[in-house]
Amino acid sequence: MPELPEVETIRKTLWPAVTGRTILQAEASANEVMSVEDCEQLIGKTVTDIRRRGKYLLFLLQEGNRPSLWLLVHLRMTGRLLIHRFEDPLPKHTHVRLVLQSVDLQRTLLIFQDTRRFGRMWLRRVSDSSQLPTDMDKLGPEPVDPPLAKETLKKQLKKHPALTLKAALLNQSVIAGIGNIYADEILYAAGLPPQQRAGTLGDNQISQLATAIPQVLQQAIAECGTTLRNYVDGWSREGRFQNCLNVYGRAGLPCRHCGQTLLKTRLAGRTTTWCPSCQPRHSEARQTDS
DNA sequence: ACCTACCTGTTT
DNA sequence: AAACAGGTAGGT
């Protein structure tokens, strides 16, 4: 489900509701999404910050007056982190329930809900709170903040010249945070065909891609993400970027720019949609305008 | 560099 | 009944 814009939206919406609060109670159903052992360790800790790296959320937890643990969360396809009223019944597929208490003694729940149970939560000890856990080391550069530099992209693509552009964008070690929706939208915005090999890009094409990546992701963040079926933010609100999609989910429909029928294929194991005329196979030419 | 598995729910 | 879904770990 959630890619970088959705995870970032969740981070921003949870921040004011969660930071500064202490975990009074913590329960994990079975050992699936989170080990019961890890879950018990959360009790008594105070959340002091929420960060994001790629599609991971990182909760910085303080014990006494110094940072002690990172709570790492990956939502995978259908995971949700939701603020929930203490007294309300829990939604189906709630796997972790945290009772948060603020200085005013008001209690709120932060719950992890996930129909498909692919998502995970786990702990890492904090060595230095300015340093993210080593789990994050293999992720590629952050594309939005700061905006991906052309030279960085060039260097990253050079590591995997044989990958199709679609596969390269989906590879979290090339760039962190892009998934199936935004890979297709980015390639459309860059005017590049998804089946082109990363090693065959000319300098202009790398520039187009380097521009499109932060541009598309930033706009999606501004629209609070894409809600197709499952995604909602920390307050259960839907995103709006589904109204801005140019290609994802639109195979068989006319391209919004040129009217050509959008095509669908399978690349890197994922459904891929593109416009054969705005994303031409061989040409160096950028799509000119409307 | 690809495939399959992991799950449940929805759509064809 | 079968295909498909926003992701990725782990196998080959």
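To find a chain, count down the sequence lines: A is the first, B the second, and so on, and within it residues start at 1.
Rounded to a whole Å, the CE atom of A/Met121 is 17 Å from the C1' atom of C/dG7. In this structure, CE of A/Met136 is placed 11 Å from P of C/dT8, rounded to the nearest angstrom. Computed from coordinates, the A/Arg270 CZ to C/dC4 P distance equals 13 Å when rounded to whole Å. Between the NE2 atom of A/His160 and the P atom of B/dA1 there is a distance of 8 Å, given to the nearest Å. Taking atom CD1 of residue A/Ile181 and atom C1' of nucleotide C/dA5, one finds them 10 Å apart after rounding to whole Å. Between A/Leu170 atom CG and C/dA9 atom P the separation is 13 Å, expressed in whole Å. For the pair A/Leu169 CG and B/dA1 P, the interatomic distance rounds to 15 Å; values are reported in whole Å. Between A/Glu3 atom CD and C/dT8 atom C1' there is a gap of 13 Å when expressed in whole angstrom units.
Checked against ring-ring contact (aromatic ring centres under 6.0 Å, His included), A/Tyr248 has no partners two or more places apart in sequence or in another chain. Listed by chain and residue number, nothing satisfies the salt bridge (Lys or Arg N to Asp or Glu O under 4.0 Å) test with A/Lys12 (two or more places apart in sequence, or in another chain). Judged as a side chain to side chain donor-acceptor pair (under 3.5 Å), and not counting sequence neighbours, A/Gln218 has no contacts. The ring-ring contact (aromatic ring centres under 6.0 Å, His included) search around A/His160 returns none, not counting sequence neighbours. Every salt bridge (Lys or Arg N to Asp or Glu O under 4.0 Å) that A/Lys150 has, sequence neighbours left out, goes to A/Asp203. Here A/Tyr231 pairs with nothing under the ring-ring contact (aromatic ring centres under 6.0 Å, His included) rule; sequence neighbours left out. The side chain to side chain contact (heavy atoms under 4.5 Å, CB included) search around A/Arg116 returns A/Met77, A/Thr78, A/Asp114, A/Phe118, not counting sequence neighbours. The salt bridge (Lys or Arg N to Asp or Glu O under 4.0 Å) check on A/Asp104 picks up nothing, with sequence neighbours excluded. Applying the salt bridge (Lys or Arg N to Asp or Glu O under 4.0 Å) test to A/Glu238 and every residue at least two apart in sequence or in another chain returns nothing.
Using a 4.0 Å cut-off between a side-chain N of Lys or Arg and a carboxylate O of Asp or Glu, A/Arg53 and A/Glu142 qualify as a salt bridge.
Separation of the P atoms belonging to B/dG9 and C/dA9 is 24 Å when rounded to the nearest angstrom. With C1' as the reference atom, C/dT8 and B/dT10 are 22 Å apart, rounded to whole Å.
A donor-acceptor pair under 3.5 Å is formed between the side chain of A/Arg11 and the backbone N or O of A/Ile50. Under the 3.5 Å distance criterion, the side-chain polar atoms of A/Gln260 are left unmatched by any main-chain donor or acceptor of A/Pro254.
Contacts between residues 211-220 of chain A and DNA chain C, defined by a heavy-atom separation under 4.0 Å, are absent.
Contact between the side-chain N/O atoms of A/His74 and the OP1/OP2 oxygens of C/dT8 is found at a separation under 4.0 Å. The side chain of A/Thr271 contributes an N or O atom lying less than 4.0 Å from OP1 or OP2 of C/dA5.
A/Leu163 comes within contact range of the sugar-phosphate backbone alone, with a heavy-atom separation under 4.0 Å but no base atom that close. The residue A/Ala162 sits close only to the backbone: its heavy atoms come under 4.0 Å of sugar-phosphate atoms, none of a base. If you check every strand for non-hydrogen atoms under 4.0 Å, A/Gln172 touches sugar and phosphate atoms only. Residue contacts shown for A/Tyr248 are limited to sugar-phosphate atoms, with no base heavy atom under 4.0 Å away. If you check every strand for non-hydrogen atoms under 4.0 Å, A/Thr226 touches a base. Using a 4.0 Å heavy-atom distance criterion, A/Phe241 is classed as making no nucleic acid contact. Among the heavy atoms of the strands lying under 4.0 Å from A/Arg266 are primed sugar atoms or P, OP1, OP2 only; no base atom is included. A/Asn230 comes within contact range of at least one nucleobase, with a heavy-atom separation under 4.0 Å.
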Completion exercise
Readout for nucleotides 4-9 of chain B: B = base within 4.0 Å of protein heavy atom, S = sugar-phosphate only, - = neither; 5' to 3' it is --BBBS
Completion exercise
Under the rule of Watson-Crick or G-U wobble with both distances under 3.5 Å, where | means paired to another strand and [ ] a crossing pair, DNA chain C maps to |||||.||||||
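Under a cut-off of 6.0 angstrom, the local environment of CD in A/Glu37 is sparse, with at most 12 non-hydrogen atoms contributed by other residues, nucleotides or ligands.
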